[in-house]
Amino acid sequence: MRSVDDEDLTGRAVIRNAALRLFAERGPDAVSVRQIAEAAGVSPALVLHHYGSKAGLREEVDRYAAAQLDALMEDVDEIGEVLTTGSNASIAEMFSQALPADSPLPTYLRRLLLTGDPAGQALFRRWYEVSRLLLGQLVDAGFASPTADPEVRTAFMLSADLILLLLREPLTDVLGFDPMSGDGLARWAAEVTRIYREGVLVVPAAETGEQDED
């Protein structure tokens, strides 16, 4: 999977990327065309030439961010292979390659999802459908147990996947390490894999109907 930053940047793309970073840091409403132009090293007139208006640039940033973030889940077969083989390093590598350490995409995604932005809602809906498909394939292949409520299970698993992006800062504070760093992702993925494979709760013998032998 290629890095989201692995591309030949045209003048138009430089403007888009500058807007993405500023939108992620401050929110789109708090950023002016002049500030975007300054960050991109171009004139405000060139920003308007390429995008027509700040609203047009915002639409382009949303499309770009959605396309890059969709790439995290576009290959259902690859994700399924990672989950079924238990390759924690592959999980960490997949995220690290798609989201470099200095990428503004996690922060931008957090804004899209937590502010009720229509672009964020559409992105979450697409990811939910991909997750639902993946879960069904895992069940059919015998790598996941069936459930009477696949919709809720899908939503739970998707939420668990997104929690690193949405709560990166408070998780870093309580854990003492960045769960989105290379080593942090490997440690996080190892425990998440254990939880999915082995479970967490232990049912007491009395509740299972088992009795100790005399």
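Both L167 and L123 sit in one connected hydrophobic cluster of ILVMFWY residues. Membership requires side-chain heavy atoms under 4.5 Å apart, directly or through other members. Cluster membership for V152 and L138, using ILVMFWY side-chain heavy atoms within less than 4.5 angstrom, is not shared. Criterion: ILVMFWY side-chain heavy atoms under 4.5 Å apart, direct or through other members. Under it, W188 and V174 are part of a common hydrophobic cluster. Residues F177 and I163 share a hydrophobic cluster, clusters being chains of Ile/Leu/Val/Met/Phe/Trp/Tyr side chains in contact below 4.5 Å.
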Check against salt bridge (Lys or Arg N to Asp or Glu O under 4.0 Å), E129 and R126: CA-CA 5 Å; E129 291 303 322; R126 291 201 300 276; over 6 Å; no
Please determine whether side chain to side chain contact (heavy atoms under 4.5 Å, CB included) holds for the pair L185 and L164, giving the CA-CA distance in whole Å, both sets of side-chain angles, and the decisive distance to 0.1 Å. CA-CA 9 Å; L185 273 171; L164 290 182; 3.6 Å; yes
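Between D173 and E169, the closest side-chain pair of non-hydrogen atoms is not below 4.5 Å. R58 has its side chain out of reach of Y51: every pair of non-hydrogen atoms, C-beta onward, lies at least 4.5 Å apart. Using a 4.5 Å heavy-atom threshold, the side chains of T147 and V139 count as separate. Using a 4.5 Å heavy-atom cutoff, the side chains of V130 and L158 are not in contact.
Although no hydrogens or angles enter the test, the distance criterion places a donor-acceptor pair under 3.5 Å between the side chain of R111 and the main chain of E25.
Of all heavy-atom pairs spanning A24 and T107, the tightest one is O-CG2, 3.1 Å.
Partners of E151 under the side-chain hydrogen bond (donor to acceptor under 3.5 Å, both in side chains) rule, at least two apart in sequence or in another chain, do not exist in this structure.
Using the six-membered ring where Trp is involved, F23 and Y108 have ring planes that are parallel, under 30° apart on the 30 and 60° scheme.
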Run the side-chain donor-acceptor check on residues 37-46: report pairs under 3.5 Å with partners two or more places apart or on a different chain.
residue, atom, partner, partner atom, Å
S43, OG, L46, N, 3.1

